[in-house]
Asks: 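Handing you this structure, nothing more for now.
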Amino acid sequence: MSDTKTFSMDELVALCKRRGFIYPASEIYGGLNGFWDYGPLGTELKNNIRDAWWHDMVRCPPMGPDGEPISIVGLDSSIVQNPRTWEASGHVEGFNDPMVDCRESKSRYRADHLMVIGGPDAEESRRLYAFIAGDEESRDRAIKALGKYEKTSAEDADWSERPLMSLAQECFPRIVGPDVKEAGTLTEPRQFNLMFKTFVGALQTEESAAYLRPETAQGIFLNFGNVVDTMRVKVPFGIAQVGKAFRNEVTPRNYIFRSREFEQMEIEWFCHESEAARWFDFWCDVRRNWWESMGLTSDSVQMRRHDSDELAHYAKDGCGTFDVEYRFPFTAPDYGELEGVAHRGDFDLRRHQEFSKKKLEYFDQPRNERYLPHVIEPSAGLSRGTLAILCEAFTPDEDRASKVYMKFQPRVAPIKAAVFPLVNKDGMPEVASKLHQDLRKRWPVQYDAKQSIGKRYARMDEAGCPWCFTVDSDTLTDQAVTVRDRDSLSQDRVAIDQVENWLAERLA
RNA sequence: GCGGGCGUAGCUCAAUGGUAGAGCGUCAGCCUUCCAAGCUGAAUGUUGGCGGUUCGAGUCCGCUCGCCCGCUCCA
């Protein structure tokens, strides 16, 4: 807790704009709520995180729990899939909530969570009282209010309860909301559709309606059979995918934390049901460690198990869900979700088998058993990860010219090194420019000869560039340059023909 | 979607209803032999957008777009 940072998101947002990390999307037209563009440095940063994940999970995944290598293959599926996909996955149903608002109490309710209670004549004329299903206190309040209104009690009257959704719209002016005293304050139920709808083909009819994927996972399940048939993989194994996903969030908030277009890095790990618990623990460990290896300190990362009442429809049974959470400035002292590791059981494959009528069972030769594998899903937010790493890197420092620097790990830093001539004359620019052109063949390296050396260091501090190489007058005789370290501000001398090796060692 | 707050240069912010400014950044020149983000100068705005009131609107009013906070939601 000692290094708890004190800075506001506004400062980070301003730096991200100023230094080309993140811009508001379509800004010259006034922007668009919930959409962001990545600038030159943000693009490099995000790509670096994505590539690190791909390298560490797909190309060189960690050893399995028994010390044996594990196998993960990659995939890149379409953003638009056959709409039946989302019926099978549960998104058409689950991403479509009818909501009612109360004009008086300003609260909002899931319409399918509300019940109404009424007296014998409520069908035609009398008042109905709404309450929240499953909430005893709410129900008691409604019964009490109804008793007062009807001047009778439940024992001697024929009261009936039924779902709000079963009532005709004409009844709504007679309904008293759960938190108010007068009737007619509830709006009609309105559909909140969290999926982006689009149309396939030039004719925009309901038959051609489709959706932009709300998660990348389903593309993996759809291709489970293809991968098994063509890639010589054996359960247990994983399929990984990075890509954009889209959700019409009710309230996009907190910069790129909850945006309507975002990027996910997902693994679906297929295993036998009897081994699901073991793999679940394995992936929780692997994924937490990975985020820490990316520079998020153990202090600001935590694992949190979902309570049973917040589990998604596919995770009701089994090992549940663990979130990897990061303490963002806007959630502190609480944490916000970075990744969810969920035991999805065989829900997805079973549903797709059912809806598509295609056999998705796997034949396990050693076990001599045919089954639908269980799935452990480590589903990480690339956009959220980028934000967490930006937050973690943001380091105020009153002692340096820039007053703040971005302490990126070299592995994710958008600019790996900068090359300067100490002064822009006396043969130094030529030598520095040559060094720059050699280095940029391997890494993103910038050349800067403008203004004073102090300004150039300050610029690179804000961009989070870990090392600056400076050519000075001695270079012309001793063939060495000064390397300045971003974090320690220390300076060392390195032979100019060893700079590439020097960097390669530190960027390995 | 509701309630509250806000919107002025790339960033941070000024400007009684009366000529739109400053600091920083950016760019140019100078200087600078390692923190000098120092010196000089330049560019930059339909004051988020549209409409209204007014002789005159950054300022007042309406609508709209966007941002922030709360509610709600969040596979």
Side-chain angles (χ1 to χ4, degrees), chain A residues 8-11 13-20 23-35 39 86 89-91 93-95 97 99-110 179 187 190-192 194-195 213-218 245 247-255 257-258 260 264 266 306 310-316 321 323 330 336-337 340 342 344 347-348 377 379 399-403 420-426 428 449-462 468-476 481-484 486 489-493:
Chain A
S8 71
M9 281 301 289
D10 291 347
E11 294 174 73
V13 171
L15 183 140
C16 285
K17 175 84 186 286
R18 187 166 73 241
R19 287 295 160 194
Y23 311 124
S26 44
E27 190 184 13
I28 62 171
Y29 288 106
L32 188 60
N33 197 3
F35 295 89
W86 311 110
S89 70
H91 285 86
E93 196 183 356
F95 250 34
D97 296 328
M99 310 288 293
V100 295
D101 289 317
C102 177
R103 297 186 193 92
E104 185 68 26
S105 70
K106 305 300 178 198
S107 45
R108 167 176 293 166
Y109 315 93
R110 287 262 304 257
D179 301 303
T187 64
R190 288 175 288 198
Q191 286 296 324
F192 276 54
L194 279 306
M195 278 200 291
R213 66 184 176 198
E215 63 176 19
T216 58
Q218 296 303 324
R247 287 180 200 167
N248 248 324
E249 297 288 354
V250 178
T251 316
R253 272 294 154 80
N254 292 325
Y255 205 27
F257 181 78
R258 185 183 299 155
R260 290 184 163 133
Q264 294 183 304
E266 296 198 296
H306 277 210
E310 60 178 318
L311 287 177
H313 58 77
Y314 54 73
K316 292 295 182 205
T321 299
D323 279 350
F330 49 82
E337 180 185 350
R344 296 180 78 122
F347 176 87
D348 301 277
E377 176 195 71
S379 168
D399 293 336
R400 62 176 79 197
S402 56
K403 303 297 178 199
F420 308 147
L422 182 57
V423 292
N424 203 16
K425 60 183 181 186
D426 300 341
M428 294 178 216
K450 296 289 180 192
Q451 299 166 312
S452 69
I453 191 75
K455 277 210 179 212
R456 286 177 264 163
Y457 285 147
R459 268 200 285 269
M460 287 302 147
D461 279 349
E462 281 202 334
C468 299
F469 295 94
T470 301
V471 171
D472 59 25
S473 57
D474 292 339
T475 305
L476 307 177
V481 295
T482 302
V483 54
R484 178 260 197 185
R486 177 196 64 203
L489 302 179
S490 66
Q491 300 197 353
D492 284 308
R493 207 69 181 159

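Chain identifiers are assigned alphabetically (A, B, ...) following the order of the sequence lines, protein sequences preceding nucleic acid strands; residue numbering begins at 1 within each chain. It should be emphasised that the depicted structure is a prediction, and the values quoted were computed from it without experimental measurement.
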Asks: Using purine N1 to pyrimidine N3 plus N6-O4 or O6-N4 for Watson-Crick, or N1-O2 and O6-N3 for G-U wobble, each under 3.5 Å, what pairs with B/G51?
Replies: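 Checking every strand shown, B/G51 finds its partner in B/C61, with both distances under 3.5 Å.
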Asks: Between B/A75, B/C73, B/C69, which one does the side chain of A/Arg253 approach most closely?
Replies: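 Taking heavy atoms from C-beta onward, the closest nucleotide is B/C69.
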Asks: Let me know the distance between CG of A/Asn33 and C1' of B/G7, rounded to the nearest Å.
Replies: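 The answer, rounded to whole Å, is 15 Å.
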Asks: Looking at B/A14, which nucleotide sits across from it as a Watson-Crick or G-U wobble partner, both distances under 3.5 angstrom, or is there none?
Replies: none
Asks: Nearest 0.5 Å, what's the CD-OG1 distance between A/Gln491 and A/Thr482?
Replies: 6.0 Å
Asks: Nearest of B/G10, B/C74, B/C27 to any side-chain atom of A/Arg247?
Replies: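 Of B/G10, B/C74, B/C27, B/C74 is nearest to the side chain of A/Arg247.
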Asks: Under a 3.5 Å cut-off for both distances, is B/G70 Watson-Crick or wobble paired, and to whom?
Replies: B/C2
Asks: What one-letter contact string describes nucleotides 28-34 of chain B from 5' to 3', where B marks a base within less than 4.0 Å of any protein heavy atom, S marks contact via sugar-phosphate atoms alone, and - marks no contact?
Replies: S---BBB
Asks: From the options B/U26, B/C11, B/C35, select the nucleotide whose nearest atom is closest to the side chain of A/Ala14.
Replies: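 The answer is B/C11.
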Asks: For the pair made of CE in A/Met195 and C1' in B/A75, what is the distance, rounded to whole Å?
Replies: 11 Å
Asks: Quick check: on RNA chain B, is the nucleotide nearest A/Leu15 upstream (toward 5') of the one nearest A/Glu462, or the reverse? Name the residue that is more 5'.
Replies: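 Result of the comparison: A/Leu15.
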Asks: Could you please name the partner base of B/A42, counting Watson-Crick and G-U wobble pairs only when both distances are under 3.5 Å?
Replies: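 WC or wobble partner is B/U26.
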Asks: Partner of B/C34 by Watson-Crick or G-U wobble geometry, both contacts under 3.5 Å, or none?
Replies: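 Partner of B/C34: none found under 3.5 Å.
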Asks: Using a heavy-atom cut-off of under 4.0 Å over every strand shown, decide if A/Gly34 touches base, sugar-phosphate, or nothing.
Replies: sugar-phosphate
Asks: Using a cut-off of strictly less than 4.0 Å, decide whether A/Lys17 has a side-chain nitrogen or oxygen near OP1 or OP2 of B/C11.
Replies: yes
Asks: Hey, which of these two, A/Phe330 or A/Lys403, hits RNA chain B nearer its 5' end, going by closest nucleotide?
Replies: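 Nearest nucleotide further toward 5': that of A/Lys403.
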